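To find a chain, count down the sequence lines: A is the first, B the second, and so on, and within it residues start at 1. Everything quoted here is computed from the prediction, not taken from an experiment. As a basis for the values below, the full set of heavy atoms in this structure was taken, side chains included, without hydrogen atoms, waters or symmetry mates.
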2 protein chains.
Amino acid sequence: MESTRELFQIMTRRFGLLNKNCCTVGGHDITPVQSHILFEVDRQHHPSIQQIAETLGTDITTFSRQIQSLIKMNLIKKTPDPTDRRVSTLALTVEGKYVATTIDHQMNAYLDDVFSYMTEFEKETVLRSIKLMNEAMAKSDYCCKPMLG
Amino acid sequence: MESTRELFQIMTRRFGLLNKNCCTVGGHDITPVQSHILFEVDRQHHPSIQQIAETLGTDITTFSRQIQSLIKMNLIKKTPDPTDRRVSTLALTVEGKYVATTIDHQMNAYLDDVFSYMTEFEKETVLRSIKLMNEAMAKSDYCCKPMLG
DNA sequence: AAGGATTTATTGCAAAATACAAGTATTTAA
DNA sequence: TTAAATACTTGTATTTTGCAATAAATCCTT
């Protein structure tokens, strides 16, 4: 009998592999870390560097350098916040938006392929379940936050 | 409206963070990569180095060195395969088994906390869904295998 | 059975990722 | 107004990573 952890561990690993192999877009080889960053910058509204670093649970100094790479690749732009000049807000460039969108489509296409092995009802159940899981994880104090230390 | 990819991306990230912060066991600070390795070595029956590397989708040279670390930490032992002396089979040491088990319990405890925010029915649905997802992912040729290149 | 191809794993690099410590610049607050 | 706090960057050292090249064992073809 599979433990709960085992189920999640395996699914998470498979999804991670998908992320790893997805994608080379527009001549850019995007690492999983970069893919996560593009994803989050796209999702959040003009996030600060610290916000994204915290969301992803990485050290801010490491993250600062990751951003520098993405700026050099012309995928992200950094704008000083007018109300607080210590802060830099991040946004995708046009090219960055294109890359992020393409990755998104690729990933969804792969996931659609997975869902093709289920009935429509099963697919809906799975999606509802993941949503449930995300909501519950957000509520839990112990689990799954970017806890430090 | 959240895309399929978005749902999985967020859940996967949260689970990854959990893995990252879980656990310091018996004086050992286990990295997520090491945790994955212990998990897989525990699951598979006397796997070879290549088998695990392939499962986890990492380069075999990187993996070879990871194993060396874990051997130094006395968590894994390497035995030459009598039927093919090129191959080394891996197994957990007593201490490694203890560490792996402890991590497993920790992770399950965290997940139980998450499930405490659901009804029993919802929990069962979620678990069935993850199982479904794993089966479908295993069937898919495109998705989620340790595809190289 | 011999010899070349294949497989398994390990090292030699060099590049990239990571994080602690220290630093700069700005803002908050006492 | 000046000390503390915050946001971010840079210095430095360690670790991780992976491509080449290598060594050793096995497989395969004739």
Side-chain angles (χ1 to χ4, degrees), chain A residues 13 16-17 19-21 24 28-38 40-41 44 46-73 75-91 146-149, chain B residues 13 16-17 19-21 24 28-38 40-41 44 46-73 75-91 146-149:
Chain A
R13 179 170 66 222
L17 288 171
N19 228 326
K20 192 171 181 176
N21 297 111
T24 302
H28 293 297
D29 238 333
I30 307 296
T31 68
V33 172
Q34 290 171 338
S35 171
H36 272 89
I37 294 174
L38 294 178
E40 258 327 297
V41 171
Q44 296 186 26
H46 291 303
S48 72
I49 290 183
Q50 199 159 53
Q51 272 176 313
I52 302 284
E54 202 165 308
T55 304
L56 300 181
T58 59
D59 187 271
I60 194 170
T61 67
T62 302
F63 192 74
S64 175
R65 280 182 251 252
Q66 286 280 1
I67 292 297
Q68 286 168 30
S69 300
L70 288 166
I71 288 173
K72 264 196 205 105
M73 292 166 79
L75 299 180
I76 276 190
K77 55 174 178 275
K78 209 169 59 176
T79 316
D81 185 330
T83 72
D84 185 342
R85 285 185 306 174
R86 289 171 303 181
V87 178
S88 289
T89 60
L90 302 175
M147 23 179 169
L148 308 170
Chain B
R13 179 170 65 224
L17 288 170
N19 229 324
K20 193 171 180 176
N21 298 109
T24 302
H28 293 297
D29 237 334
I30 308 296
T31 68
V33 172
Q34 290 171 339
S35 171
H36 273 88
I37 294 173
L38 294 178
E40 257 328 297
V41 171
Q44 297 186 25
H46 291 303
S48 71
I49 291 183
Q50 198 160 55
Q51 272 176 312
I52 302 283
E54 202 165 306
T55 304
L56 300 181
T58 59
D59 188 90
I60 194 172
T61 67
T62 302
F63 191 74
S64 174
R65 281 182 254 253
Q66 287 281 2
I67 292 296
Q68 285 168 30
S69 301
L70 287 165
I71 289 172
K72 264 198 206 103
M73 293 165 78
L75 300 179
I76 277 189
K77 56 173 177 274
K78 207 171 57 175
T79 316
D81 185 330
T83 72
D84 184 343
R85 284 186 305 173
R86 290 170 303 181
V87 178
S88 289
T89 60
L90 303 174
M147 23 179 170
L148 307 171

Whole-Å gap separating [atom2] ([N]) and [atom1] ([X]):
{"X": "L90(A)", "N": "dA7(D)", "atom1": "CG", "atom2": "C1'", "result": "12 Å"}
{"X": "R85(A)", "N": "dT9(D)", "atom1": "CZ", "atom2": "P", "result": "16 Å"}
{"X": "I52(A)", "N": "dA7(D)", "atom1": "CD1", "atom2": "P", "result": "14 Å"}
{"X": "Q68(B)", "N": "dT15(D)", "atom1": "CD", "atom2": "C1'", "result": "14 Å"}
{"X": "I67(A)", "N": "dA16(C)", "atom1": "CD1", "atom2": "P", "result": "18 Å"}

Which atoms form the tightest heavy-atom contact between [X] and [Y], and what is the distance?
{"X": "P47(B)", "Y": "I52(B)", "value": "CG-CD1, 3.5 Å"}
{"X": "S35(A)", "Y": "I30(A)", "value": "N-CG2, 3.6 Å"}
{"X": "I37(B)", "Y": "I76(B)", "value": "CG2-CD1, 4.0 Å"}

Does the side chain to side chain contact (heavy atoms under 4.5 Å, CB included) test come out yes or no for T55(B) and R13(A), once each step is laid out? CA-CA 9 Å; T55(B) 304; R13(A) 179 170 66 222; 3.6 Å; yes

The helix from dA1(C)-dT30(D) to dA30(C)-dT1(D): angle between end helix axes, five pairs per end, rounded to 10 degrees: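 Rounded to the nearest 10 degrees, the bend comes out at 20°.
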
What protein N or O atoms touch nucleotides 6-9 of chain C N or O atoms at under 3.5 angstrom, if any, and at what distances?
unit_1, atom_1, unit_2, atom_2, d
dT7(C), O4', R86(B), NH1, 3.4
dT7(C), O2, R86(B), NH1, 2.9
dT8(C), OP2, Q50(B), OE1, 2.6
dT8(C), O5', Q50(B), OE1, 3.2
dA9(C), OP1, S88(B), N, 3.0
dA9(C), OP1, S88(B), O, 3.3
dA9(C), OP2, Q50(B), N, 3.0

Does a side-chain heavy-atom distance below 4.5 Å link [X] with [Y]?
{"X": "P80(B)", "Y": "R85(B)", "value": "no"}
{"X": "L90(A)", "Y": "Q51(A)", "value": "no"}
{"X": "M73(B)", "Y": "Q34(B)", "value": "yes"}

Answer with yes or no whether the side chains of E54(A) and Q50(A) bring together a donor and an acceptor at under 3.5 Å.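 On atom types as modelled, these side chains do not qualify, holding no pair under 3.5 Å.
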
Can you list everything that forms a salt bridge (charged side-chain N to carboxylate O under 4.0 Å, His left out) with D81(A)? Sequence neighbours excluded, please.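 Expected list: none.
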
Just jot down the salt bridge (charged side-chain N to carboxylate O under 4.0 Å, His left out) partners of R86(B), sequence neighbours excluded, or say none.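 So R86(B) forms a salt bridge (charged side-chain N to carboxylate O under 4.0 Å, His left out) with D84(B).
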
Encode nucleotides 17-24 of chain C as B, S and - characters from 5' to 3', where the letter depends on protein heavy atoms closer than 4.0 Å: B to the base, S only to sugar-phosphate, - to neither. SSBBB---

Return all side-chain donor-acceptor pairs below 3.5 angstrom for residues 57-64 of chain A, not counting sequence neighbours, or 'none' if the list is empty.
unit_1, atom_1, unit_2, atom_2, d
D59(A), OD1, T61(A), N, 2.8
D59(A), OD1, T61(A), OG1, 2.5

